[in-house]
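First, the structure itself, so that you have it in front of you.
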Amino acid sequence: MDKKTVKLFDSELKVMDILWKEGDVQAKHVADVLTKELGWNKNTTYTLIRRCIKKGAIERSEPNFICHALIPKEEVQEAETNELINKIYDGSVDKLFAALLSRKKLSAKQIEKLRQIVADLE
């Protein structure tokens with residue numbers, strides 16, 4: 001994929017999540033999982049798969065309409081995180097970090113893990 005990030009909507013991310021967890025699978029399997037988990041009908045899922053194909057997030061192969069994720073989950077997570085930081089926190093990572101930490105009491109173990117993450121970045 002080129003440097004332009006593919007923008008995926010929440011519903012498309014549900015489709016991608018199955019591919020990221022299970023690897024290459026038939027479109028029918030994706031539809032079955034989303035019917036069971038979310039109550040979606042088959043046509044809805046196939047429409048979303050086609051949208052992801054058009055966006056370059058999924059590749060279709062035959063036989064049996066096999067779906068293959070073309071973008072890694074980590075790339076989408078990074079793009080979504082950057083968008084959140086820019087949109088809500090004025091591009092400030094420290095504001096996001098402070099907001100997250102102020103919402104929940106952390107254990108000593110969690111605090112130490114965060115210290116290690118910060119130390120690894122230095």
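Excluded from the calculations below are hydrogen atoms, water molecules and symmetry mates; all remaining heavy atoms, backbone and side chain alike, are included.
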Worksheet item: What is the distance from atom CG of Leu13 to atom NZ of Lys73, rounded to the nearest 0.5 Å?
Response: 9.5 Å

Worksheet item: Transitively linked via ILVMFWY side-chain contacts under 4.5 Å: Leu38 with Val33?
Response: yes

Discussion item. For a side-chain contact (heavy atoms from CB on, under 4.5 Å) check, start with the C-alpha distance between Val25 and Glu22, then their side-chain angles and the critical distance, and finish with the verdict.
Written reply: CA-CA 7 Å; Val25 295; Glu22 299 187 30; 4.1 Å; yes

Worksheet entry | Contact check, side chains of Glu62 and Arg60, non-hydrogen atoms, under 4.5 Å | yes

Discussion item. Please report the interatomic distance CG(Asp17) to CD(Glu12), rounded to the nearest 0.5 Å.
Written reply: 13.5 Å

Worksheet item: Is Leu101 reachable from Ile117 through a run of I, L, V, M, F, W or Y residues, each pair having side-chain heavy atoms under 4.5 Å apart?
Response: yes

Discussion item. Between Val118 and Ile111, is there shared hydrophobic-cluster membership here, with clusters defined by ILVMFWY side-chain heavy atoms closer than 4.5 Å?
Written reply: no

Discussion item. Restricting to non-hydrogen atoms, name the atom on Ser11 and the atom on Leu48 that form the minimum distance, rounded to 0.1 Å.
Written reply: OG-CD2, 3.4 Å

Item to complete: May I ask whether Val93 and Ile88 are part of the same hydrophobic cluster, defined by side-chain heavy atoms of I, L, V, M, F, W, Y residues being less than 4.5 angstrom apart, directly or through others?
Response: yes

Item to complete: Might you point out which heavy atoms bring Val6 and Ala57 nearest each other, and give the distance in Å?
Response: CG1-CB, 4.4 Å

Practice prompt. Taking all heavy atoms of Ile18 and all of His29, pick out the closest pair and write down the distance.
Written response: CG2-CD2, 4.4 Å

Worksheet item: Just by distance, with hydrogens left out, do Asp94 and Ser92 show a side-chain donor and acceptor under 3.5 Å apart?
Response: yes

Response to the item:
Those residues at least two apart in sequence (or on a different chain) that pass salt bridge (charged side-chain N to carboxylate O under 4.0 Å, His left out) with Asp32 are Lys28

Practice prompt. For Phe9, check ring pair (Phe, Tyr, Trp, His ring centres under 6.0 Å) against everything at least two apart and list the hits.
Written response: none

Worksheet entry | Close side-chain approach of Leu34 and Lys14, heavy atoms under 4.5 Å | yes

Discussion item. Quick check: do Val30 and Tyr46 have side-chain heavy atoms less than 4.5 Å from each other?
Written reply: no

Worksheet item: Can you name the residues that form a side chain to side chain donor-acceptor pair (under 3.5 Å) with Asn41, not counting sequence neighbours?
Response: Thr44

Discussion item. I'd like to know if the side chain of Asn82 reaches the main chain of Glu78, judged simply by a donor and an acceptor atom lying under 3.5 Å from each other, with no hydrogens or angles considered.
Written reply: yes

Fill in: Rounded distance (nearest 0.5 Å) linking atom CG of Leu70 with atom CD of Glu59
5.0 Å

Worksheet item: Going by an N to O cut-off under 4.0 Å, is there a salt bridge joining Glu80 and Lys7?
Response: yes

Worksheet entry | Nearest heavy atoms of His68 and Asp24, plus distance in Å | ND1-OD1, 2.7 Å

Worksheet item: Tell me, do Ile58 and Val15 make a side-chain contact under 4.5 Å, heavy atoms counted?
Response: yes

Worksheet, complete the sentence: Trp20 and Pro72 have their tightest heavy-atom pair at NE1-C, 3.8 Å

Worksheet item: About how many Å separate CD of Gln116 and CG of Leu121, when rounded to the nearest 0.5 Å?
Response: 10.0 Å

Fill in: Test item: Lys55 and Leu8 side chains (from C-beta on) under 4.5 Å apart, heavy atoms
yes

Fill in: same_hphob_cluster(Ile85, Val76) at 4.5 Å side-chain heavy-atom cutoff
no

Practice prompt. Please examine the side chains of Ile71 and Met16, heavy atoms only from C-beta on, and report whether any two atoms are closer than 4.5 Å.
Written response: yes

